[in-house]
Novice: 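Could you have a look at this structure, given as C-alpha coordinates, before my questions?
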There are 2 protein chains.
Amino acid sequence: MSANALPYRPHNHDACVSRALADARAICQQNNARLTPTRERVLELIWQSHKPLGAYDVLAVLAEDGHNAAPPTVYRALDFLQQHGLVHRIASLNSFVGCTHAGENHNGLFLICRQCSNVLELTAPAVASAVSEAASAEAFRPEDVTIEVAGLCPRCQADAGND
Amino acid sequence: MSANALPYRPHNHDACVSRALADARAICQQNNARLTPTRERVLELIWQSHKPLGAYDVLAVLAEDGHNAAPPTVYRALDFLQQHGLVHRIASLNSFVGCTHAGENHNGLFLICRQCSNVLELTAPAVASAVSEAASAEAFRPEDVTIEVAGLCPRCQADAGND
DNA sequence: GAAAATTTGCAACATTATAACATATGCAAA
DNA sequence: TTTGCATATGTTATAATGTTGCAAATTTTC
Ligand SMILES: [Zn+2]
Ligand SMILES: [Zn+2]
Ligand SMILES: [Zn+2]
Ligand SMILES: [Zn+2]
(Lines give C-alpha, C1' and ligand atoms only; values in the text may rest on other atoms or scores of the structure.)
(Ligands and ions follow the chains in the order given, each with its own letter.)
Protein backbone atom coordinates (compact mmCIF):
# COMPACT_ATOMS: atom_id res chain seq x y z
CA MET A 1 0.00 0.00 0.00
CA SER A 2 3.07 2.23 0.11
CA ALA A 3 4.59 4.16 -2.77
CA ASN A 4 7.45 1.78 -3.42
CA ALA A 5 10.77 3.24 -4.42
CA LEU A 6 12.31 2.47 -7.77
CA PRO A 7 14.19 -0.75 -7.28
CA TYR A 8 11.16 -2.37 -5.70
CA ARG A 9 8.81 -2.06 -8.63
CA PRO A 10 8.97 -2.75 -12.35
CA HIS A 11 10.30 0.20 -14.23
CA ASN A 12 12.01 1.12 -17.43
CA HIS A 13 15.49 0.45 -16.28
CA ASP A 14 17.09 1.60 -19.49
CA ALA A 15 16.04 5.06 -18.43
CA CYS A 16 17.96 4.60 -15.17
CA VAL A 17 21.05 3.66 -17.11
CA SER A 18 20.74 6.48 -19.61
CA ARG A 19 20.28 9.02 -16.89
CA ALA A 20 23.23 7.66 -14.92
CA LEU A 21 25.48 7.84 -17.96
CA ALA A 22 24.32 11.31 -18.89
CA ASP A 23 24.86 12.52 -15.34
CA ALA A 24 28.28 10.95 -15.31
CA ARG A 25 29.31 12.67 -18.50
CA ALA A 26 28.13 16.00 -17.17
CA ILE A 27 29.85 15.57 -13.83
CA CYS A 28 33.12 14.48 -15.35
CA GLN A 29 33.14 17.36 -17.76
CA GLN A 30 32.47 19.73 -14.88
CA ASN A 31 35.33 18.17 -12.88
CA ASN A 32 37.70 18.09 -15.81
CA ALA A 33 37.87 14.34 -15.40
CA ARG A 34 38.05 11.94 -18.28
CA LEU A 35 35.24 9.45 -18.56
CA THR A 36 37.18 7.12 -20.82
CA PRO A 37 35.50 4.25 -22.68
CA THR A 38 36.60 1.70 -20.12
CA ARG A 39 35.32 3.80 -17.23
CA GLU A 40 32.05 4.47 -18.96
CA ARG A 41 31.61 0.81 -19.78
CA VAL A 42 32.26 -0.18 -16.18
CA LEU A 43 29.75 2.37 -14.98
CA GLU A 44 27.23 1.03 -17.46
CA LEU A 45 27.81 -2.51 -16.21
CA ILE A 46 27.43 -1.48 -12.60
CA TRP A 47 24.12 0.03 -13.61
CA GLN A 48 22.90 -3.20 -15.22
CA SER A 49 20.55 -3.43 -12.31
CA HIS A 50 19.96 -2.08 -8.84
CA LYS A 51 21.83 -5.02 -7.38
CA PRO A 52 25.45 -4.49 -6.41
CA LEU A 53 28.05 -6.10 -8.61
CA GLY A 54 31.43 -7.46 -7.59
CA ALA A 55 34.59 -6.29 -9.30
CA TYR A 56 35.12 -9.75 -10.71
CA ASP A 57 31.59 -9.84 -12.07
CA VAL A 58 32.39 -6.68 -13.98
CA LEU A 59 35.61 -8.25 -15.11
CA ALA A 60 33.78 -11.28 -16.44
CA VAL A 61 31.46 -9.17 -18.56
CA LEU A 62 34.35 -7.16 -19.89
CA ALA A 63 35.92 -10.44 -20.92
CA GLU A 64 32.72 -11.39 -22.77
CA ASP A 65 32.96 -8.00 -24.47
CA GLY A 66 36.26 -9.16 -25.84
CA HIS A 67 38.00 -6.62 -23.66
CA ASN A 68 41.21 -8.15 -22.50
CA ALA A 69 41.09 -6.85 -18.96
CA ALA A 70 42.81 -7.78 -15.73
CA PRO A 71 41.68 -6.98 -12.19
CA PRO A 72 43.55 -3.66 -11.94
CA THR A 73 41.63 -2.34 -14.91
CA VAL A 74 38.36 -2.82 -13.10
CA TYR A 75 39.54 -1.66 -9.72
CA ARG A 76 41.04 1.46 -11.23
CA ALA A 77 37.85 2.27 -13.05
CA LEU A 78 35.84 1.69 -9.90
CA ASP A 79 38.19 3.89 -7.88
CA PHE A 80 37.74 6.64 -10.41
CA LEU A 81 33.97 6.30 -10.37
CA GLN A 82 33.91 6.31 -6.59
CA GLN A 83 36.09 9.37 -6.39
CA HIS A 84 33.67 11.24 -8.58
CA GLY A 85 30.69 10.01 -6.62
CA LEU A 86 29.27 7.89 -9.42
CA VAL A 87 29.31 4.55 -7.66
CA HIS A 88 29.42 3.38 -4.07
CA ARG A 89 31.14 0.42 -2.55
CA ILE A 90 28.97 -1.68 -0.26
CA ALA A 91 31.42 -2.75 2.41
CA SER A 92 29.31 -5.54 3.80
CA LEU A 93 29.10 -7.17 0.36
CA ASN A 94 32.45 -6.25 -1.21
CA SER A 95 30.58 -4.96 -4.17
CA PHE A 96 29.56 -1.84 -6.01
CA VAL A 97 26.35 -0.09 -6.89
CA GLY A 98 25.52 2.96 -8.98
CA CYS A 99 24.93 6.16 -7.06
CA THR A 100 21.43 7.49 -7.39
CA HIS A 101 22.36 10.91 -6.07
CA ALA A 102 25.36 11.70 -8.21
CA GLY A 103 26.56 15.25 -7.86
CA GLU A 104 24.59 15.86 -4.70
CA ASN A 105 27.39 15.68 -2.15
CA HIS A 106 25.62 13.25 0.08
CA ASN A 107 26.27 10.45 2.56
CA GLY A 108 24.29 7.50 1.41
CA LEU A 109 22.36 5.10 3.57
CA PHE A 110 21.84 1.77 1.88
CA LEU A 111 18.90 -0.56 2.29
CA ILE A 112 20.07 -3.94 1.08
CA CYS A 113 17.59 -6.74 0.56
CA ARG A 114 19.04 -10.07 1.61
CA GLN A 115 16.57 -11.87 -0.63
CA CYS A 116 16.62 -10.08 -3.99
CA SER A 117 19.84 -8.09 -3.39
CA ASN A 118 18.36 -4.85 -4.61
CA VAL A 119 19.81 -1.78 -3.00
CA LEU A 120 18.01 1.46 -2.32
CA GLU A 121 20.20 4.44 -1.58
CA LEU A 122 18.73 7.12 0.61
CA THR A 123 19.91 10.40 1.94
CA ALA A 124 18.62 10.50 5.46
CA PRO A 125 19.41 13.84 7.08
CA ALA A 126 17.93 12.74 10.39
CA VAL A 127 20.28 9.77 10.47
CA ALA A 128 23.25 11.85 9.42
CA SER A 129 22.67 14.39 12.14
CA ALA A 130 22.10 11.74 14.79
CA VAL A 131 25.39 10.11 13.83
CA SER A 132 27.09 13.45 13.85
CA GLU A 133 25.82 14.18 17.35
CA ALA A 134 26.82 10.78 18.66
CA ALA A 135 30.33 11.35 17.33
CA SER A 136 30.51 14.86 18.74
CA ALA A 137 29.53 13.59 22.15
CA GLU A 138 32.74 11.56 22.09
CA ALA A 139 34.80 14.39 20.61
CA PHE A 140 35.27 12.27 17.51
CA ARG A 141 35.61 14.01 14.15
CA PRO A 142 33.81 11.99 11.47
CA GLU A 143 35.12 11.92 7.96
CA ASP A 144 33.41 9.02 6.32
CA VAL A 145 30.18 7.38 7.41
CA THR A 146 29.10 3.92 6.31
CA ILE A 147 25.50 2.95 6.95
CA GLU A 148 24.29 -0.31 5.51
CA VAL A 149 20.99 -1.85 6.50
CA ALA A 150 20.41 -5.45 5.55
CA GLY A 151 16.89 -6.81 5.64
CA LEU A 152 13.85 -7.48 3.50
CA CYS A 153 12.54 -5.10 0.89
CA PRO A 154 8.79 -4.58 0.65
CA ARG A 155 8.52 -6.85 -2.34
CA CYS A 156 10.30 -9.76 -0.70
CA GLN A 157 8.29 -9.30 2.49
CA ALA A 158 5.17 -9.79 0.42
CA ASP A 159 6.61 -12.80 -1.40
CA ALA A 160 7.58 -14.43 1.87
CA GLY A 161 3.96 -14.58 2.96
CA ASN A 162 2.77 -11.49 4.77
CA ASP A 163 3.34 -12.37 8.38
CA MET B 1 38.46 19.20 27.79
CA SER B 2 35.96 16.38 27.29
CA ALA B 3 35.67 13.21 29.34
CA ASN B 4 37.37 10.91 26.86
CA ALA B 5 36.06 7.41 26.49
CA LEU B 6 38.17 4.42 27.32
CA PRO B 7 40.17 3.71 24.20
CA TYR B 8 41.25 7.33 23.96
CA ARG B 9 43.06 7.55 27.28
CA PRO B 10 45.61 5.47 29.14
CA HIS B 11 43.94 2.82 31.20
CA ASN B 12 44.59 -0.51 32.78
CA HIS B 13 43.79 -2.57 29.75
CA ASP B 14 44.31 -5.85 31.55
CA ALA B 15 41.12 -4.99 33.37
CA CYS B 16 39.33 -4.66 30.02
CA VAL B 17 40.55 -8.10 29.03
CA SER B 18 39.66 -9.73 32.33
CA ARG B 19 36.21 -8.26 32.29
CA ALA B 20 35.65 -9.32 28.70
CA LEU B 21 36.70 -12.88 29.45
CA ALA B 22 34.62 -13.04 32.60
CA ASP B 23 31.59 -11.70 30.76
CA ALA B 24 32.16 -14.20 27.98
CA ARG B 25 32.28 -17.11 30.39
CA ALA B 26 29.09 -15.96 32.06
CA ILE B 27 27.26 -15.41 28.78
CA CYS B 28 28.31 -18.73 27.33
CA GLN B 29 27.26 -20.57 30.44
CA GLN B 30 23.92 -18.81 30.33
CA ASN B 31 23.51 -19.75 26.65
CA ASN B 32 24.65 -23.31 27.13
CA ALA B 33 27.47 -22.59 24.70
CA ARG B 34 30.96 -23.97 25.04
CA LEU B 35 33.72 -21.42 25.37
CA THR B 36 36.44 -23.86 24.45
CA PRO B 37 40.12 -23.06 24.94
CA THR B 38 40.60 -22.06 21.31
CA ARG B 39 37.59 -19.79 21.37
CA GLU B 40 38.64 -18.22 24.61
CA ARG B 41 42.15 -17.68 23.35
CA VAL B 42 40.87 -16.04 20.17
CA LEU B 43 38.67 -13.76 22.23
CA GLU B 44 41.61 -12.87 24.41
CA LEU B 45 43.69 -12.05 21.34
CA ILE B 46 40.96 -9.89 19.86
CA TRP B 47 40.98 -8.03 23.15
CA GLN B 48 44.72 -7.40 23.05
CA SER B 49 43.80 -3.80 22.38
CA HIS B 50 40.92 -1.63 21.27
CA LYS B 51 42.16 -1.84 17.70
CA PRO B 52 40.47 -4.31 15.41
CA LEU B 53 42.44 -7.38 14.45
CA GLY B 54 42.31 -9.32 11.21
CA ALA B 55 41.63 -13.04 11.18
CA TYR B 56 45.11 -13.68 9.85
CA ASP B 57 46.65 -11.56 12.58
CA VAL B 58 44.93 -13.80 15.09
CA LEU B 59 46.16 -16.80 13.17
CA ALA B 60 49.74 -15.55 13.31
CA VAL B 61 49.64 -15.20 17.07
CA LEU B 62 48.14 -18.64 17.46
CA ALA B 63 51.03 -19.94 15.42
CA GLU B 64 53.49 -18.23 17.79
CA ASP B 65 51.60 -19.92 20.61
CA GLY B 66 52.62 -23.18 19.03
CA HIS B 67 49.00 -23.79 18.16
CA ASN B 68 48.92 -25.54 14.83
CA ALA B 69 45.98 -23.64 13.39
CA ALA B 70 44.62 -23.09 9.91
CA PRO B 71 42.28 -20.31 8.75
CA PRO B 72 39.07 -22.25 9.44
CA THR B 73 40.02 -22.56 13.08
CA VAL B 74 40.10 -18.82 13.44
CA TYR B 75 37.07 -18.09 11.33
CA ARG B 76 35.04 -20.66 13.20
CA ALA B 77 36.04 -19.24 16.53
CA LEU B 78 35.21 -15.74 15.31
CA ASP B 79 31.84 -16.91 14.00
CA PHE B 80 31.07 -18.42 17.35
CA LEU B 81 32.09 -15.27 19.19
CA GLN B 82 30.04 -13.12 16.87
CA GLN B 83 27.00 -15.31 17.26
CA HIS B 84 27.16 -14.86 20.99
CA GLY B 85 27.69 -11.13 20.71
CA LEU B 86 31.23 -11.20 22.06
CA VAL B 87 32.99 -9.68 19.08
CA HIS B 88 31.97 -7.56 16.12
CA ARG B 89 33.20 -7.60 12.59
CA ILE B 90 34.12 -4.21 11.17
CA ALA B 91 33.06 -4.53 7.55
CA SER B 92 35.01 -1.55 6.30
CA LEU B 93 38.24 -3.03 7.68
CA ASN B 94 37.69 -6.76 7.32
CA SER B 95 38.62 -7.13 10.94
CA PHE B 96 37.27 -7.86 14.36
CA VAL B 97 36.96 -6.06 17.65
CA GLY B 98 35.79 -7.08 21.09
CA CYS B 99 32.26 -6.08 22.00
CA THR B 100 32.07 -3.63 24.87
CA HIS B 101 28.38 -4.22 25.44
CA ALA B 102 28.30 -7.99 25.57
CA GLY B 103 24.98 -9.38 26.69
CA GLU B 104 23.16 -6.11 26.13
CA ASN B 105 21.32 -6.93 22.91
CA HIS B 106 22.47 -3.86 21.10
CA ASN B 107 23.25 -2.50 17.64
CA GLY B 108 26.70 -1.08 17.78
CA LEU B 109 27.86 2.13 16.17
CA PHE B 110 31.59 2.19 15.66
CA LEU B 111 33.86 5.20 15.72
CA ILE B 112 37.04 4.16 13.97
CA CYS B 113 40.11 6.36 14.09
CA ARG B 114 41.95 6.33 10.79
CA GLN B 115 45.14 7.40 12.56
CA CYS B 116 45.47 5.18 15.63
CA SER B 117 42.89 2.55 14.59
CA ASN B 118 41.23 2.50 17.97
CA VAL B 119 37.54 1.71 17.87
CA LEU B 120 34.91 3.01 20.22
CA GLU B 121 31.64 1.13 20.21
CA LEU B 122 28.56 3.10 21.11
CA THR B 123 24.92 2.30 21.46
CA ALA B 124 23.18 5.30 19.99
CA PRO B 125 19.43 4.97 20.38
CA ALA B 126 18.82 8.21 18.49
CA VAL B 127 20.73 6.86 15.51
CA ALA B 128 19.05 3.50 15.72
CA SER B 129 15.59 5.01 15.72
CA ALA B 130 16.43 7.42 12.89
CA VAL B 131 17.63 4.48 10.79
CA SER B 132 14.57 2.52 11.72
CA GLU B 133 12.32 5.36 10.61
CA ALA B 134 14.16 5.86 7.36
CA ALA B 135 13.73 2.17 6.61
CA SER B 136 10.06 2.19 7.58
CA ALA B 137 9.43 5.10 5.26
CA GLU B 138 10.47 2.79 2.42
CA ALA B 139 8.58 -0.18 3.81
CA PHE B 140 11.90 -1.93 4.32
CA ARG B 141 12.24 -4.35 7.22
CA PRO B 142 15.72 -4.03 8.76
CA GLU B 143 17.42 -7.05 10.21
CA ASP B 144 21.01 -6.05 10.56
CA VAL B 145 22.37 -2.53 10.73
CA THR B 146 26.00 -1.65 10.09
CA ILE B 147 27.15 1.81 11.13
CA GLU B 148 30.84 2.56 10.88
CA VAL B 149 32.19 6.05 11.21
CA ALA B 150 35.78 6.62 10.14
CA GLY B 151 37.53 9.76 11.26
CA LEU B 152 39.86 11.13 13.89
CA CYS B 153 39.58 10.34 17.57
CA PRO B 154 40.06 13.18 20.07
CA ARG B 155 43.60 12.14 20.83
CA CYS B 156 44.70 12.09 17.22
CA GLN B 157 43.01 15.41 16.56
CA ALA B 158 45.16 16.88 19.32
CA ASP B 159 48.31 15.23 18.01
CA ALA B 160 47.67 16.55 14.52
CA GLY B 161 47.96 20.11 15.78
CA ASN B 162 44.71 21.54 17.10
CA ASP B 163 43.30 23.24 14.05
C1' DG C 1 29.58 -47.60 27.62
C1' DA C 2 27.48 -46.84 22.94
C1' DA C 3 25.35 -43.51 19.99
C1' DA C 4 24.77 -38.82 18.68
C1' DA C 5 26.15 -34.21 18.35
C1' DT C 6 29.61 -30.83 18.49
C1' DT C 7 34.17 -29.32 17.79
C1' DT C 8 38.66 -29.44 15.69
C1' DG C 9 42.41 -30.65 12.18
C1' DC C 10 43.66 -30.38 7.72
C1' DA C 11 44.16 -29.78 2.70
C1' DA C 12 42.69 -27.65 -0.95
C1' DC C 13 40.47 -23.92 -3.05
C1' DA C 14 37.74 -19.52 -3.92
C1' DT C 15 37.29 -14.67 -3.79
C1' DT C 16 38.77 -10.01 -3.36
C1' DA C 17 42.39 -6.65 -3.87
C1' DT C 18 47.07 -4.64 -4.68
C1' DA C 19 52.09 -3.96 -6.17
C1' DA C 20 55.34 -3.04 -9.55
C1' DC C 21 56.69 -1.88 -13.85
C1' DA C 22 56.10 -1.31 -18.81
C1' DT C 23 53.49 0.83 -22.53
C1' DA C 24 50.33 3.85 -24.60
C1' DT C 25 47.56 7.93 -25.06
C1' DG C 26 46.06 12.75 -24.80
C1' DC C 27 47.51 17.52 -24.30
C1' DA C 28 50.30 21.56 -24.08
C1' DA C 29 54.02 24.19 -24.85
C1' DA C 30 58.27 25.12 -27.54
C1' DT D 1 55.37 19.18 -35.24
C1' DT D 2 57.71 17.45 -32.17
C1' DT D 3 59.07 17.33 -27.60
C1' DG D 4 57.86 16.63 -22.99
C1' DC D 5 54.66 15.74 -19.27
C1' DA D 6 50.77 13.94 -17.00
C1' DT D 7 47.36 10.63 -17.16
C1' DA D 8 45.60 6.27 -18.29
C1' DT D 9 46.06 1.39 -19.48
C1' DG D 10 48.23 -3.30 -20.04
C1' DT D 11 50.46 -7.18 -17.84
C1' DT D 12 52.27 -10.27 -14.55
C1' DA D 13 52.57 -11.66 -10.32
C1' DT D 14 51.25 -11.78 -5.63
C1' DA D 15 48.90 -10.49 -1.32
C1' DA D 16 45.00 -10.63 1.70
C1' DT D 17 40.69 -12.45 3.03
C1' DG D 18 37.44 -16.14 3.38
C1' DT D 19 35.24 -20.96 2.31
C1' DT D 20 34.35 -26.09 1.32
C1' DG D 21 34.56 -30.73 2.40
C1' DC D 22 35.80 -34.47 4.84
C1' DA D 23 38.07 -37.06 8.52
C1' DA D 24 39.42 -37.40 13.34
C1' DA D 25 38.68 -36.25 17.98
C1' DT D 26 36.09 -34.70 21.74
C1' DT D 27 32.08 -33.92 24.46
C1' DT D 28 27.37 -34.81 25.60
C1' DT D 29 23.37 -37.66 25.99
C1' DC D 30 21.09 -41.68 26.79
ZN1 LIG E 1 16.22 0.94 -12.48
ZN1 LIG F 1 25.21 8.10 -3.66
ZN1 LIG G 1 41.08 -1.12 27.29
ZN1 LIG H 1 28.83 -4.69 20.83
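What you are looking at is a predicted structure, and each value in this text was computed from that prediction instead of being measured. Atom set for the values below is all heavy atoms of this structure, side chains included, hydrogens, waters and symmetry mates excluded. Numbered from 1 within each chain, the chains take letters A, B, ... in sequence-line order.
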Novice: Counting side-chain heavy atoms from C-beta on, which of C:dT7, D:dT17, D:dT19 comes nearest to B:Y56?
Specialist: D:dT17
Novice: Between atom CG in A:L59 and atom C1' in C:dT16, what is the gap in whole Å?
Specialist: 11 Å
Novice: What integer distance in Å separates B:D57:CG from D:dG18:C1'?
Specialist: 14 Å
Novice: Do the side-chain N or O atoms of A:T38 get closer than 4.0 angstrom to the phosphate oxygens (OP1, OP2) of D:dA8?
Specialist: no
Novice: On DNA chain D, nearest-nucleotide positions of A:P71 versus A:F80: which is more 5'?
Specialist: A:F80
Novice: How many Å lie between CD on B:E40 and P on C:dT8, as a whole number?
Specialist: 12 Å
Novice: Judged by atom type as modelled, is there a donor-acceptor pair below 3.5 Å linking the side chain of A:R39 to the main-chain atoms of A:R34?
Specialist: yes
Novice: Starting at the 5' end of DNA chain C and moving along, which residue's nearest nucleotide shows up first, B:N68 or B:A33?
Specialist: B:A33
Novice: Within the pair A:T73 and D:dT9, is there a side-chain N or O less than 4.0 Å away from OP1 or OP2?
Specialist: no
Novice: For the pair made of CG in A:L81 and C1' in D:dA8, what is the distance, rounded to whole Å?
Specialist: 14 Å
Novice: Decide if atom CD of B:E143 counts as having more than 12 heavy atoms of other residues, nucleotides or ligands within a radius under 6.0 Å.
Specialist: yes
Novice: Nearest whole Å is fine: how far is D:dT28 P from B:Q29 CD?
Specialist: 12 Å
Novice: Does A:T36 place a side-chain N or O at less than 4.0 Å from the phosphate oxygens OP1/OP2 of D:dA8?
Specialist: no
Novice: Separation of B:L62 atom CG from C:dT8 atom P, in whole Å?
Specialist: 12 Å
Novice: With a 4.0 Å limit, can you tell me whether B:R34 has a side-chain N or O closer than that to the phosphate oxygens OP1/OP2 of D:dT26?
Specialist: no
Novice: In terms of side-chain heavy atoms of A:R39, which of C:dG9, D:dA8, C:dA17 is nearest?
Specialist: D:dA8
Novice: What is the distance, rounded to the nearest whole Å, between atom CG of A:L35 and atom C1' of C:dT25?
Specialist: 16 Å
Novice: Using whole Å, report how far CD of B:Q82 lies from P of D:dG18.
Specialist: 10 Å
Novice: Return the SG to CH2 distance between B:C99 and B:W47, rounded to the nearest 0.5 Å.
Specialist: 7.5 Å
Novice: Kindly indicate whether the side chain of B:R76 and the base of D:dG18 share any N or O donor-acceptor pair separated by less than 3.5 Å?
Specialist: no
Novice: Could you tell me the separation between the CG atom of A:L152 and the CD1 atom of A:I112, rounded to the nearest 0.5 Å?
Specialist: 12.5 Å
Novice: Check this one for me: any side-chain N or O of A:N94 less than 4.0 Å away from OP1 or OP2 of D:dT17?
Specialist: no
Novice: Using 30° and 60° as the class boundaries, would you call the ring planes of A:H101 and A:H106 parallel, tilted or perpendicular?
Specialist: tilted
